[in-house]
Amino acid sequence: MKAIIYWTKRLYVNTGKKLYVSLLGMILISLLEGIGIIMLIPMLNMSGIFDLNVTHIPISATFDFLRELPRIWGLTIILGIYILLVLGQGVMKWMITEGNTKIHQGFMHHVRLDTFSSLLQAKWDFHLKRRKSDYVNSLTAEIAGVSGGINALLQLVTSLIFTLLQIGLAFWLSAKLAIFVLICGLAVAILFRKFVHKSQVIGQHTMELGKSYLAGITDQLNGIKDIKSNMLEHSRMNWMKKLDSQIQQEQLAHVRLKNTSQFVYQTAAAVFIALFIFLSVGIFQSQLEQLLLIILIFSRLWPRLNGIQSNMEGIAASVPAFTALKLLHDECKESQEFTMQEAGTAIQSILLKESIECRQVYFRYNRKQSAYALNDINLQIPVNRMTAIVGRSGAGKSTLIDILMGLMLPEEGQVLVDGVPLTQELLLSFRASISYVSQDPFLFNASIRENLLLVKPDATEDEIHEALVFSASAEFVAKLPQGLDTTIGDRGVRLSGGERQRLVLARAILRKPSILVLDEATSALDTDNETKIQEALDLLKGKMTIIVIAHRLSTIRNADQVLVIDQGAIVQRGIFSQLANEKRSLLNHLVDGQNVTRKNG
């Protein structure tokens, strides 16, 4: 219930006065429909088809002046008034329906943008704890669920307004009959509570299955090469059959529930209508004219009650989506790193003058566990020098890089930039001065040009060419059918691993950062291209601060400083040739394993 109230408040804040206009319009439509119903008896009476006593009918005295006119004229006028009422009601209903659609779609547009914005503004460690497929599920299935729930809520409000006004009209005609029908309606509402609850349970199961389905499909397609090379097609197909059967059963359960509720409703409606007519004629001795109007009113009202029931089931089925999306928004807010307004302003990057420093830095991914990913890290990275970080897999190298770039904050200790602690206020300016190339290069399904211009939209052709030459990419790009305008596929799948890495490196250089961070950025390159990039990096020494993580030790022989990490602690520091020749040291062991020359290049 809290989640429904939360999203209802968000709807009100987003739409404001438009909701009041919509509510007023729905009230007017209901009033016009009620007046149209009441006018039927005077119309039948003036037509001469029936001789009815209209003295008990409200507003019938309004049309007494028509009795002084010839019957044909009086009938023409009252029919004209009726047509105008129906036309007015139709026009207003068209306007309100379109207005409600705009309210609904406008709000969902806001929710989609707000959800995506919340994810972008969350800290990096927030994303480390979650599957990307869960985000996709939130931005698609859960938002669709919220959309359906909001639509059902708007329809529910419309039906409730119509129902209340029609019940009021029935009370005006005959309080006894209206009370009986109202009691019947309450009985139906109590009877249908279990259907609403079951609808919510099925909605929860459906959402969980949808999340599992999306996560599984994402994993299977990402690993399609491993599936085919290891002949796992049959086992993966069995997984798909099992999960899809569960989804099918949930869908059937939903249809069965809906059909059952409709059957029970129709049966109850038939019983109550029979009782209503029996009591009206046999006990209440109602006037024929009143009885006709009340039957007409409730014949219009029962479908609305059915709609209310359907809307309540729809809202109940959407409660899991309401809850899940609200939880995501709350968690993103708690982990918010900056606002989109801050990110959208012109950010002046920090020009590093002295060094980046870590002082007694400790970090754990899970503070409930005793093991530290980084333990008492003290280091200094001089400006315009190359610093290499090496160590075994899992030693903490990438974690240290994340701390140095401000993606994560240390549990204890400080990161200082030119002697100033790296705080939230400096974070965006510091990050604007960094270009990062990861060991898993990411490219968008767009052209090479679009991928490069992502970091610098106003880059010139000369700047793009210079970045391609630096990264040893100019030659292979020139050979492509459309050159820079060649579309490279999802994650750059149409390129080789080495070509992807070189393009990501070109993109990083195009930004012209003051700090370049390379996390295994040359691991997929052949020896010739690795040598070219190494020579280019050597040319940058003295002009740019370079931080390199490397497993291939041949790429860091010319580094100004080498930091060796083991089990989250720095165990060696100095120049490559010195550390590599230290007996029984970790770097000495790693060098022996790769048969690398111990002298600086």
Side-chain angles (χ1 to χ4, degrees), residues 116 120 127 131-133 135-136 139-140 214-233 236-237 240 398 435-513 516-537 549-552 555:
F116 189 60
L120 292 177
H127 296 285
R131 296 182 301 183
K132 301 302 179 286
S133 61
Y135 296 154
V136 176
L139 289 164
T140 53
L214 185 60
I217 286 294
T218 302
D219 287 343
Q220 310 310 314
L221 295 179
N222 284 339
I224 192 68
K225 186 174 183 179
D226 290 312
I227 289 173
K228 296 197 73 62
S229 59
N230 292 293
M231 296 181 64
L232 299 175
E233 292 91 345
R236 295 302 85 203
M237 194 63 205
M240 180 65 174
S398 294
S435 276
Y436 172 69
V437 182
S438 73
Q439 56 186 318
D440 182 21
F442 183 83
L443 293 164
F444 291 92
N445 186 12
S447 69
I448 292 175
R449 186 190 304 277
E450 288 170 318
N451 272 281
L452 294 175
L453 294 178
L454 185 67
V455 295
K456 192 177 181 182
D458 58 347
T460 64
E461 290 293 316
D462 289 341
E463 288 175 325
I464 292 174
H465 182 70
E466 182 183 342
L468 291 174
V469 170
F470 173 87
S471 63
S473 303
E475 185 177 350
F476 87 80
V477 169
K479 293 179 180 179
L480 293 173
Q482 295 174 291
L484 281 170
D485 296 312
T486 301
T487 300
I488 57 179
D490 187 31
R491 299 180 66 92
V493 70
R494 296 176 186 171
L495 304 176
S496 69
E499 288 169 342
R500 289 197 296 271
Q501 276 198 326
R502 280 180 276 168
L503 280 182
V504 173
L505 181 58
R507 186 168 65 189
I509 293 300
L510 183 62
R511 193 178 182 186
K512 295 184 177 178
L516 178 64
V517 179
L518 305 175
D519 187 354
E520 294 291 340
T522 60
S523 59
L525 300 182
D526 56 42
T527 304
D528 289 340
N529 283 313
E530 183 184 63
T531 301
K532 291 178 183 177
I533 290 177
Q534 190 60 51
E535 291 172 353
L537 290 175
I549 290 181
H551 280 297
R552 289 161 66 169
T555 62

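In plain terms, the two heavy atoms of S133 and L214 that are nearest each other are O-CD2, 3.5 Å. Across every non-hydrogen atom of S435 and A508, the tightest pair is OG-O, 2.9 Å. Of all heavy-atom pairs spanning R131 and A215, the tightest one is NH1-CB, 3.4 Å.
Remark: E499 does not engage R494 in a salt bridge, criterion side-chain N to carboxylate O under 4.0 Å.
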Checking V504 against F442 for the side-chain contact (heavy atoms from CB on, under 4.5 Å) test, could you report, in this order, the C-alpha distance in whole Å, the side-chain angles of both residues, the deciding distance, and whether it holds?
CA-CA 7 Å; V504 173; F442 183 83; 6.0 Å; no
Would L516 and I509 count as a side-chain contact (heavy atoms from CB on, under 4.5 Å) here? Give the steps.
CA-CA 8 Å; L516 178 64; I509 293 300; 3.9 Å; yes
Show the numbers, then the answer: is there a side-chain contact (heavy atoms from CB on, under 4.5 Å) between L443 and R507?
CA-CA 10 Å; L443 293 164; R507 186 168 65 189; 3.9 Å; yes
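Taking the side chain to side chain donor-acceptor pair (under 3.5 Å) definition, one finds that K132 meets it with nothing, sequence neighbours left out.
Note that the CD atom of E233 and the CZ atom of R236 stand 11.0 Å from one another [nearest 0.5 Å]. One finds the OG1 atom of T487 at 7.0 Å from the CD atom of E450 (value rounded to the nearest 0.5 Å). Taking CD1 of I448 as the reference point, atom CG of D485 lies at 9.0 Å (rounded to 0.5 Å). Note that CG of L452 and CG of L510 are 6.0 Å apart. Values are rounded to the nearest 0.5 Å.
You'll find the side chain of K512 reaches within 4.5 Å of the side chain of E463, heavy atoms only. Proximity of R449 to E461: side-chain heavy atoms (C-beta onward) are separated by under 4.5 Å at one or more points. Using a 4.5 Å cut-off on side-chain heavy atoms (C-beta onward), I549 and V517 make no contact.
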Identify each donor-acceptor pair in which a side-chain atom of residues 469-482 lies under 3.5 Å from a protein atom, sequence neighbours left out, and give them as a table.
residue	atom	partner	partner atom	Å
S471	OG	A467	O	3.1
S471	OG	L468	O	3.2
S471	OG	S473	OG	2.8
S471	OG	R502	O	3.2
S473	OG	S471	O	3.4
S473	OG	R502	O	3.4

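N451 places a side-chain N or O within donor-acceptor distance of the main-chain N or O of F444, the cut-off being under 3.5 Å.
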